[in-house]
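On a predicted model such as this, the values are computed, not experimentally measured, just so you know. Naming convention: chains lettered A, B, ... in sequence-line order (proteins, then strands); numbering from 1 in each chain.
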Number of protein chains: 2
Amino acid sequence: MNIYDVADKAGVSIATVSRVINGNQNVSEKTKEKVLSIMKELGYTPNVFARGLGLNTMNTVGIMCTDSSDPFLANAVYYIEQELRKNGYDSFLCCTGYELKNKQNYLNLLLSKRIDAVILIGSSYLESNVKDNSYIMEAAKEVPVMLINGYLNKPNIYCTLCDDQQATYNATSLLLKEGRKNILYLYTTKSYSGIQKMKGYKEAILTKQSTIDEVYIQSCPNNIEKVKDRLLKLSEDGLVFDGIVTSEDLLAVGSLKYAKTKGISVPEELSIIGYNNSILASCCEPELTSVDNHVETLSLTTVGTLMRVLSGNTVPNRTVISTDLIIRNTTNFSKDIRSLL
Amino acid sequence: MNIYDVADKAGVSIATVSRVINGNQNVSEKTKEKVLSIMKELGYTPNVFARGLGLNTMNTVGIMCTDSSDPFLANAVYYIEQELRKNGYDSFLCCTGYELKNKQNYLNLLLSKRIDAVILIGSSYLESNVKDNSYIMEAAKEVPVMLINGYLNKPNIYCTLCDDQQATYNATSLLLKEGRKNILYLYTTKSYSGIQKMKGYKEAILTKQSTIDEVYIQSCPNNIEKVKDRLLKLSEDGLVFDGIVTSEDLLAVGSLKYAKTKGISVPEELSIIGYNNSILASCCEPELTSVDNHVETLSLTTVGTLMRVLSGNTVPNRTVISTDLIIRNTTNFSKDIRSLL
DNA sequence: TTGTAGGCGTTATCAG
DNA sequence: CTGATAACGCCTACAA
């Protein structure tokens with residue numbers, strides 16, 4: 001079943017059928033209807049390969065994320081996929097994991113599939129070693145590369161990110177205003193946004209004291225138990241803290257488990273702020289105050305930008321979205337403090 | 001850049017290059033090496049469209065899920081994607097949402113992309129109205145259809161499911177053994193596995209009493225607040241219950257929030273069992289006892305089965321995987337009860 | 001072992 | 001407005 005069958009049955013040439021398929025104007029209303037009805041009757045669908053061969057595109061965008069079971073990434077994947085489809089694009093998904101080698105392989109694989117663009121979700125695609133990002137720049141020579149929560153100022157790379165630095169700055173500042181003296185910062189990776197977040201934390205701390213005590217900055221695997229154990233250890237070692245700012249909700253949940261284990265009351269004795277405002281934030285007890293980085297907006301903006309790029313517009317290389325702090329019950333903000341938001 | 005460029009530069013014909021690409025034996029070691037080095041030098045990758053045109057396959061599997069931001073589905077997507085890739089297959093992801101019309105459209109879309117198979121994750125693809133499933137049967141005429149947590153005994157449809165009925169039967173029975181008198185069952189949808197789970201609950205209840213009181217079976221949106229409100233309402237209306245079995249972890253979390261609001265202690269006064277053993281189960285407080293339906297095994301088994309189907313083996317139409325009950329702190333099982341597991 | 005040539009199903013460019 | 005025909009890049013008999 002191909003375009004010839006349709007043409008035969010409709011008594012026209014394949015060229016005419018092709019025109020109908022592609023909505024070309026130069027077809028009389030009569031033949032158009034005729035052809036359409038035959039196509040329906042035969043249940044004909046054009047062969048995407050043949051089409052792709054001619055056009056060298058399949059209206060497909062590659063999506064890469066490290067781990068689609070991470071709630072934040074999963075949400076982004078969802079919104080992006082939906083939005084792409086609304087715009088007539090399909091999506092290839094790749095869950096690459098965290099190893100550089102795999103990321104590179106997957107990206108090459110996507111390129112070899114003649115995708116029209118690629119979207120990298122999450123700042124973990126930006127290695128701290130600048131050279132290691134060259135594979136992204138290479139890819140950008142072939143197709144537009146969209147970065148979510150990462151920043152790389154290079155041709156044909158478009159970045160949508162949220163203002164992570166401002167977000168942790170605000171979060172930390174509010175804890176300070178709340179009267180917290182020793183605020184711990186927990187993070188998982190030194191990815192691009194990881195670094196931004198840390199900057200915000202440091203900046204806020206430096207408004208109150210002249211130096212940063214590095215022991216208050218702790219990197220930790222993104223795992224509830226691991227976080228709990230780490231905090232127990234730190235506490236045993238004599239570290240005193242009454243506030244925790246985290247780079248992920250899960251780290252905050254782990255912190256809650258620590259507090260529970262030690263019988264520390266939250267937020268009376270310890271304030272905790274999560275990040276991402278994921279479903280986890282409203283599952284735990286007490287529910288997490290958390291930074292909402294607007295996954296949905298981030299995702300839709302990215303796709304919107306991509307569409308403009310694909311239709312040949314010149315588009316700014318960087319779009320920054322502001323965050324909100326969603327106040328729940330792991331912080332103890334007064335009316336005055338809340339009014340600052 | 002195409003096969004001709006490579007052939008020219010290597011001083012051979014395109015046929016020879018093609019043979020090298022496809023690992024055909026009939027090429028002398030020398031020419032093979034020559035061609036390979038030229039391909040590397042030029043950075044040549046075969047055009048998938050041209051290839052697909054001839055072979056009419058792209059080694060691509062379509063994955064459909066209703067909502068990739070659901071933790072269970074997200075996990076499944078992750079494992080499936082990884083496993084497919086290990087087997088040399090790419091994946092198209094579609095997040096279809098819950099409306100039948102959309103599901104149908106997406107499935108047709110995938111078929112028109114000449115995918116080699118399609119995997120439907122989650123029992124929400126099986127409508128209770130049997131006729132509404134005919135689109136799946138239609139699809140199965142073209143490519144193998146893999147169903148995860150759904151069952152349809154039709155040609156070219158292969159189902160991998162976990163023993164949901166047994167799981168809720170066990171969960172409910174254990175609560176009864178624990179001494180619970182009035183056990184509520186909360187569920188979200190009457191999908192295939194939804195029905196199985198409910199059967200298990202009823203079966204267990206009927207071992208203790210002669211009839212089911214339907215008011216103890218409540219359907220509820222998959223939303224923490226909604227569940228809480230529903231339970232508060234039921235309680236106000238005078239319904240008495242001391243155990244809750246749910247079809248989703250999120251419903252169990254909502255139940256916890258209800259208990260918290262009413263000052264009911266869990267598990268002393270109320271036992272709660274979740275389903276899926278998702279990350280939510282260990283986030284909340286107390287942590288959820290939950291049915292582990294082994295997403296990973298489910299996913300890997302599905303892909304394994306698919307690979308056997310694609311290589312032409314005859315494969316059983318149905319594979320059932322057993323569940324485990326992961327005991328945490330929302331139940332109060334004695335040593336004796338635990339030993340039953 | 002290697003090369004030639006036809007075919008896969010479209011789209012696009014010309015003539016008419 | 002319509003039709004013939006040449007790409008598109010690859011695979012694979014069939015020949016050599």
In this structure, which one of B:V309, B:V118, B:N156 forms a side-chain contact (heavy atoms from CB on, under 4.5 Å) with B:V145? B:V118
Under 3.5 Å, is there a donor-acceptor pair linking the side chains of A:Y78 and A:S299? no
Give the C-alpha distance, both sets of side-chain angles, the deciding distance and a yes or no for side chain to side chain donor-acceptor pair (under 3.5 Å) between A:T188 and A:N222. CA-CA 6 Å; A:T188 53; A:N222 202 18; 5.6 Å; no
Could you tell me the separation between the NZ atom of B:K30 and the P atom of C:dT2, rounded to a whole number of Å? 10 Å
Go through the side-chain N and O atoms of B:S123 and B:S193 and say whether any donor and acceptor fall under 3.5 Å apart. yes
Hey, is the side chain of B:T16 poking within less than 4.0 Å of OP1 or OP2 on C:dG3, counting only N and O atoms? yes
Report yes or no: do A:R51 and A:N59 form a side-chain donor-acceptor pair below 3.5 Å? no
Rounded to whole Å, the CG-P distance (A:N26 to C:dT13) equals 13 Å
Grab the two heavy atoms, one from A:V27 and one from A:T16, that are nearest each other, plus how far apart they are. CG1-CG2, 4.3 Å
When you compare the side chains of B:Y125 and B:T96, does any donor N or O come within less than 3.5 Å of an acceptor on the partner? yes
Can you check the B:N24 CG to D:dA13 C1' distance for me, whole Å? 12 Å
Below 3.5 Å between N/O atoms, which protein atoms pair up with nucleotides 7-11 of chain C? Just atom names and distances, please.
unit_1 : atom_1 : unit_2 : atom_2 : d
C:dG9  : N2     : A:A50  : O      : 3.4
C:dT10 : OP1    : A:Y44  : OH     : 2.6
C:dT10 : OP1    : A:N47  : N      : 3.0
C:dT10 : OP2    : A:I3   : N      : 2.6
C:dT10 : O5'    : A:Y44  : OH     : 3.3
C:dT11 : OP1    : A:N22  : OD1    : 3.2
C:dT11 : OP1    : A:N22  : ND2    : 3.0
C:dT11 : OP1    : A:R51  : NE     : 2.9
C:dT11 : OP1    : A:R51  : NH2    : 3.3
C:dT11 : OP2    : A:S18  : OG     : 2.6
C:dT11 : OP2    : A:N22  : ND2    : 3.3

In a check of side-chain contact (heavy atoms from CB on, under 4.5 Å) between A:I63 and each of A:I148, A:L84, A:I115, which one passes? A:L84
Where along residues 32-42 of chain A does a heavy atom come under 4.0 Å from DNA chain D, residue by residue in number order? none
Is the distance from OP1 or OP2 of D:dT2 to the nearest side-chain N or O of A:T31 less than 4.0 Å? yes
